[in-house]
Structures are given as C-alpha cells and as structure tokens.
Amino acid sequence: MRWSRYYLFTTREAPKDAEVVSHRLMVRGSMIRKVAAGIYSYLPLGWRSVRKLEEIVRREMTRAGSVELSMPAIHPAELWQETDRWDVYGHLLLRMKDRNDRDFCFGPTHEEVITDIVRRDVRSYRQLPLSLFQIQTKFRDEIRPRFGLMRGREFIMKDAYTFHADQESLDETYEAIRAAYCRIFEACGLEYSMVEADSGTIGGASSHEFMVLADTGEDAVVRSPSGSYAANVERARIGPLETPAAAAAEELRRVETPGQRTVEDVARFLGKPLTALVKTLIYETEKELVGVVVRGDREVNEVKLRNHLGAKHLALGGEAKVREATGAPVGFAGPVALPGELRFVGDESARPLVNFVCGANAADAHFVGANWGRDATVEEWTDLVLARDGDPSPDGDGALELFRGIEVGHIFDLGTKYSAAMQCVFADENGEDRPMLMGCYGLGIGRTVAAAVEQNHDADGIIWPMALAPFEALVVSLDSDDAAVAGVADSIYEGLLEAGVDVFHDDRRERPGVKFKDADLIGFPVRVVVGARGLAEGKVEVSLRRDRERQLVDPGDAVALMRRLLEER
RNA sequence: CGGGGCGUAGCUCAGCCUGGCAGAGCGCACGGUUCGGGUCCGUGAGGCCGGAGGUUCAAAUCCUCUCGCCCCGACCA
C-alpha cells in the first residue's frame with residue numbers, strides 16, 4: 001500500500017480531551033476518530049490492527065474448540081425480561097422501540113440470545129458440550145465513557161458461550177478457553193495477569209479477569225509476591241490482620257466529642273489510634289437499612305457488601321436515613337445502644353477489637369471501652385474489607401501488592417443462572433430434564449488493541465507488537481523525485497510484497513523529518529530508508545522501531561534482512 | 001444524578017473579566033527556498049464565535065434557557 005493513496009492523515013497535536021497515551025497516539029496516528037462520546041470510527045490503519053487481533057482470536061478460539069456464529073445487535077425486550085435483566089441492567093441498556101412500539105435493546109452482551117438459540121436446538125446430553133463464539137459490536141450506555149477505546153459505549157467484543165451437562169465438562173472448557181486467552185495476550189506482547197473477579201451483572205458462580213498491567217488502568221488488582229494469589233480489589237480477600245493484645249474489659253463510658261464526625265477527627269480528639277476505633281456506616285438497599293462495622297483504619301468494599309446482602313442496589317444512607325437508624329446526625333453512629341432494630345454486619349477486622357471507640361448514636365458523643373457481646377452484638381461477621389497495598393495475602397504468600405490494570409478479558413462460570421431462568425434444559429442419561437451449565441467468556445477487542453499501545457510506546461509514538469502492527473514493514477523513500485531512489489524503493493517494496501510481508505510505502509513528497517516522525521508515531525516495526533545519500537554509497541538503511549539500531553545494507557539484501565528481522569519478531 | 005470546566009477557522013488554542021474591525025500556530029492552496037529527524041520566506045483561501053431568546057446604539061464578550069463535550073464524584077461488563 002502506498003501512503004500517497006492511503007487514508008492516513010497524522011497530526012502533531014492530540015485533542016485536549018485525550019488523556020491517556022493510547023488515546024492520544026491512536027488519534028494522532030489517524031487510527032480512530034471520535035463520532036460522539038464513547039463512540040468511534042476505526043480509520044483504515046486502526047481497523048487493520050483490529051482485524052489482526054480478530055484473526056488471532058478466531059484462530060485461538062477455534063483451536064480451543066469453539067465455533068463461530070453471529071448474533072444480532074438488536075434484541076427484543078421479551079428475551080431480557082425472561083431473565084429479569086431488562087430491569088437489572090438499568091440505564092446501561094440502550095433501549096429503543098420499533099414502528100409498532102415494541103421494545104428492543106441494543107445488545108450489551110448475548111447470554112439471553114444464545115440461550116434462546118440453544119434451548120430450541122439441544123435436547124440431549126449427547127449433544128453437549130457446545131462452545132460458540134462471535135466477534136461483534138456491543139453497546140453499553142456507560143455513565144462516563146472515557147479514554148478513547150478503553151471505555152467506549154459502542155465497542156467490539158469477542159464473546160463466547162459454552163453449554164454443559166456437568167461441572168467437570170464446564171471446568172474442562174473453562175480451562176481450555178483460559179489457555180486460549182493466555183495465548184492470545186501473549187501473541188499480542190502484553191504483560192497481563194489473570195485474577196479472581198467479581199462477576200457483576202453477568203452473574204454466576206465465579207469468574208476471572210485478564211488484566212493488562214498499566215498505570216492508567218481503571219481497575220485495581222492485588223497480587224501476592226509469587227503470584228499465587230491475584231484478585232481484583234472488588235473481590236480480593238486478605239489474610240488475618242494483627243489482633244490487638246488481650247486486655248481486661250474496661251468500663252463502657254460515654255464521652256463528649258463535639259463536632260468530631262470522622263474517624264480521623266475522633267481518633268485525634270481522643271488520642272487513640274485509628275485501629276482502636278470501630279467505624280460504623282449506615283447503608284441503604286432496596287430492601288432495608290443495614291449497619292456495617294469495620295475497623296477504624298479500613299474501608300468497606302461495597303461490592304462484597306452488596307454480594308453479602310444479596311442486594312440489587314446499595315448506597316450509603318443519607319442524612320435522613322442515618323437519623324432514622326441511629327437517631328443521630330451523620331458521624332456518630334455505632335453498634336452500642338441503638339434506639340431501634342437494625343441489621344448489623346461486621347467485617348472481620350473489627351471482630352477482635354476490645355475496649356474500642358464507637359459512635360454513641362447521639363450528637364457529639366462517642367463511647368469508649370466498648371466490647372462485643374457485653375455492649376454490642378453483630379449477627380453476621382464476614383469479609384467486607386477493601387484490600388490495600390501491603391495487606392497479608394489470604395494464602396499466606398507474603399504481602400499483597402496493589403497494581404492498576406486494564407480489564408481485557410473476563411471469563412465466567414455462570415452455573416445455571418440463565419439456563420434455569422430460560423428453561424434451557426437437556427435430557428440426562430435417565431431422561432430427566434436438567435438445566436445446562438453455562439460458561440461465558442468475553443474479550444474486548446478494541447480495548448486490547450488500546451492496551452497494547454498503552455504498554456508499547458515511547459515519547460515518539462507507538463511501538464507495535466508485531467502481531468497487531470497495522471503494517472509490519474515500512475519503506476521510506478526520501479528524495480522521491482530522484483529516479484534512482486524511486487526505483488530502488490519500488491523494488492524493495494515489491495520484493496517485500498512478493499514475500500508476503502504486510503508492507504507500507506511512504507512515497508509522499510515530504511521532507512525527511514516529516515517522514516521519520518510519522519514512521520515513529522505510527523510505529524511500523526521494521527523500516528527501510530532509501531535516500532540519495534545512502535544510495536551514493538550503495539546502501540539503504542534498515543532499522544527496528546523497538547531499538548532503533550540501524551544497519552546499512554546493499555539494496556539487494558534489504559528484503560532478506562527485513563524478512564529475517566520479521567521472523568525474529 | 002451531584003460538583004467543576006469547555007464549545008471561536010479542518011486541528012490546537014488566544015480573545016470574554018472591562019461590550020466597539022474575529023485573531024495566532026499548525027494544516028491547506030500557490031510561488032520561492034531547503035532537502036537524512038516536524039526547513040525558512042512570502043501570498044492566499046478558510047468563521048452562523050454550538051443553538052435559541054434577552055439586555056444594549058452596539059454582543060464572541062453580559063443575562064436566561066438549551067444542546068454537545070470533558071474532568072471529579074456517585075454508579076458501572
């Protein structure tokens with residue numbers, strides 16, 4: 001492909017709203033173009049990278065025994081109502097009506113549609129297991145799209161769904177697809193980590209996320225030193241915290257704490273460490289108000305809390321709710337001497353505390369010397385804490401380290417959540433109907449490409465991993481008007497084409513500096529420069545984008561050298 | 001949804017506070033110059049100042065409403 005005839009217009013400047021480097025570089029490199037918030041066109045160069053990733057994904061999914069199909073982007077409401085997700089998905093679901101006023105949505109994921117297909121065709125355990133995938137455009141009406149392709153509203157995703165007669169079969173397939181994902185991300189040259197995850201609105205028994213490590217990632221991940229434990233912080237458990245030294249129970253005393261509303265205020269005011277306090281938060285769900293206690297220095301993990309409560313919606317209670325539950329303004333809640341009934345759940349971090357400080361459920365007052373059992377009772381002790389850097393790993397493997405990550409893939413053991421709701425059943429060996437076990441496996445195509453840029457760039461531009469580079473090689477002809485230069489450049493270009501190399505030819509009448517800057521920005525992995533100056537010595541210059549080491553070779557040897565460099569990747 | 005900010009040339013932005021000829025750089029066209037890391041000089045084209053209403057002799061500028069976009073938070077595969 002010749003640049004002079006291609007659709008590729010680089011810019012020196014990125015739009016001011018492009019904050020992360022992948023977004024900046026992909027816009028400057030003329031790979032994507034914003035159409036609306038979170039909605040992008042892929043320009044030809046960007047589309048080539050997307051297509052390359054899609055091919056890798058197809059290859060590996062097929063190798064893992066999955067079969068490609070394609071489902072519609074528009075779904076009838078009835079399917080989503082069967083699983084209750086028409087309501088549960090909320091505003092994330094883009095809804096629309098047809099001319100007959102029937103409800104539809106633009107599919108954000110395809111569990112309902114695939115389950116509807118399979119339940120019509122599959123009757124017997126003999127037909128299982130099944131594994132199907134598609135690569136398709138999704139739409140999720142995200143509250144706040146951002147970071148270019150990183151969190152779009154419209155985005156390309158590979159989604160796979162598997163159906164099984166028993167758990168063993170599901171586990172086997174889950175493992176096969178996990179391995180396929182590893183091969184895919186390795187092929188893309190990504191440094192990634194598979195972590196335990198919360199399954200969110202997709203639901204199901206368990207799930208794992210594939211996280212590309214990057215400082216700009218939107219997710220936080222903890223990992224133990226050997227990597228034996230890794231989890232999204234939404235999910236992460238921690239090992240036991242230090243327990244306070246045993247002490248004789250003190251007397252419960254009420255102390256005046258005027259205006260001391262936060263744990264920090266109270267700790268400073270009373271001259272106690274944060275760890276001697278119990279922090280009490282009043283949460284509101286669609287069903288009830290709940291009191292939550294955690295050690296004073298810790299934060300509540302709301303994802304864990306919502307899961308524990310089995311709630312659809314969870315939010316901190318406002319001023320009015322707090323007063324309703326405690327009879328006091330915000331800042332003075334506690335588990336001791338509550339005016340009424342309130343369900344209390346506690347994080348394990350608060351359980352071993354003795355003679356602790358807590359709110360007195362009255363304005364400007366706290367208790368000191370409080371003890372569980374004698375003064376206060378929590379019915380449910382569980383793990384509700386937000387893990388942080390340095391916490392003990394739950395498997396005893398040292399201290400957890402906190403990383404930022406980009407979620408590029410998420411695989412789920414769905415159990416029978418969808419099959420049971422939608423009567424997707426099969427006859428087992430005894431002729432009994434049973435719901436199928438299902439797995440679901442997502443991989444963000446655009447996000448993975450963006451993550452690859454995020455992880456592979458320098459001050460001058462993108463350094464594409466070979467597998468995702470829109471073109472593998474670039475021929476730069478300087479002095480385009482010079483017939484000898486044009487001839488040599490053309491013959492190298494043709495030679496690379498014949499060798500099956502994805503090659504691009506910068507044949508523009510531009511100054512050398514412009515061409516070099518553009519080559520670096522776009523990040524062609526291998527480059528050959530043909531100029532009058534080099535040609536006078538009988539040489540052309542071959543170099544790699546990654547290390548920029550230049551080799552001068554005879555024009556006749558350029559194709560062979562470049563092929564060798566491409567082989568070495 | 002709460003808080004903050006921004007919409008001016010194709011792009012990045014100044015001008016707005018304090019109302020009075022609509023600007024710069026980049027890009028584009030043309031001429032010259034230069035020619036291995038975003039040359040330099042000159043000429044030129046290009047604007048409903050997001051939209052609607054209001055105040056005023058006069059509005060990019062002040063006021064009201066509205067649409068879009070971005071950031072923080074809440075929320076969220």
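Everything numeric in this text was worked out from a predicted model, so none of it was measured. Just so it is clear: chains get the letters A, B, ... in the order the sequence lines come, proteins before strands, and each one is counted from 1.
Ion pairing between A:R548 and A:D520 holds under the 4.0 Å rule for side-chain N and carboxylate O.
Within the 4.0 Å cut-off from OP1 or OP2 of B:C71, not a single side-chain nitrogen or oxygen of A:R146 is found. At the phosphate of B:C75, neither OP1 nor OP2 sits under 4.0 Å from any side-chain N or O atom of A:R306. An OP1 or OP2 oxygen of B:A77 is reached within less than 4.0 angstrom by no side-chain nitrogen or oxygen of A:R447.
A cation-pi arrangement, defined by a distance under 6.0 Å to the six-membered ring centre and an angle within 45 degrees of its axis, is absent between A:R2 and A:F504.
Between the OH atom of A:Y89 and the P atom of B:C75 there is a distance of 18 Å, rounded to whole Å. Between A:E234 atom CD and B:A77 atom P there is a gap of 8 Å when expressed in whole angstrom units. Here B:A74 presents its P atom at 17 Å from CD of A:E284, a figure rounded to the nearest Å. One interatomic measurement links the two molecules: CZ of A:R151 to P of B:C70, which rounds to 14 Å at whole-angstrom precision. Separating the CZ atom of A:R508 from the C1' atom of B:G37 is a distance of 13 Å, rounded to the nearest angstrom.
B:A58 makes up no base pair with any nucleotide shown, lacking Watson-Crick or G-U wobble contacts both under 3.5 Å. Across all strands shown, B:G46 has no partner, as no Watson-Crick or G-U wobble contact with both distances under 3.5 Å is found. In this structure, B:U39 makes no Watson-Crick or G-U wobble pair, since no nucleotide meets both defining distances under 3.5 angstrom. Using N1 to N3 plus N6-O4 or O6-N4 for Watson-Crick, or N1-O2 and O6-N3 for G-U wobble, each under 3.5 Å, B:G7 pairs with B:C67. Nucleotide B:G23 has B:C13 as its partner under the Watson-Crick or G-U criteria, with both atom distances under 3.5 Å. When Watson-Crick and G-U wobble pairs are counted only if both distances are under 3.5 Å, B:G73 pairs with B:C1.
Counting non-hydrogen atoms of other residues, nucleotides and ligands closer than 6.0 Å to CE of A:M422 gives a total above 12.
Residue A:R28 places a side-chain atom within donor-acceptor reach of the base of B:G38, judged by atom type and a 3.5 Å distance cut-off alone. Judged by distance alone, with hydrogens and angles left aside, A:E541 brings a side-chain donor or acceptor within reach of the base of B:G36, the pair sitting under 3.5 Å.
A tilted orientation is assigned to the rings of A:F471 and A:F524, their planes being inclined by 30° to 60°. The aromatic rings of A:F185 and A:F210 sit tilted relative to each other, their planes meeting at an angle between 30° and 60°.
For residues 26-44 of chain A, the salt bridge (Lys or Arg N to Asp or Glu O under 4.0 Å) pairs, not counting sequence neighbours, are A:D17-A:K34.
For A:H410, taking side-chain heavy atoms from C-beta onward, the closest of the listed nucleotides B:C76, B:C70, B:A77 is B:A77. In this structure, of B:C26, B:C76, B:C71, it is B:C26 that holds the atom nearest to the side chain of A:R12. The listed nucleotides are B:A77, B:U34, B:C69; the one nearest the side chain of A:R511 is B:U34. For A:A37, counting side-chain heavy atoms from C-beta on, the closest listed nucleotide (B:G37, B:A74, B:C70) is B:C70.
Nucleotides B:A45 and B:G10 have their C1' atoms positioned 13 Å apart, rounded to a whole Å.
Aromatic pair A:F9/A:Y7: ring centres closer than 6.0 Å.
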Determine, for nucleotides 2-14 of chain B in 5'-to-3' order, which nucleotides have protein heavy atoms under 4.0 Å from the base (write B), from only the sugar-phosphate (write S), or from neither (write -).
----S-----SS-
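Defined by atom type and a distance below 3.5 Å, a donor-acceptor pair is present between the side-chain atoms of A:S66 and A:S131.
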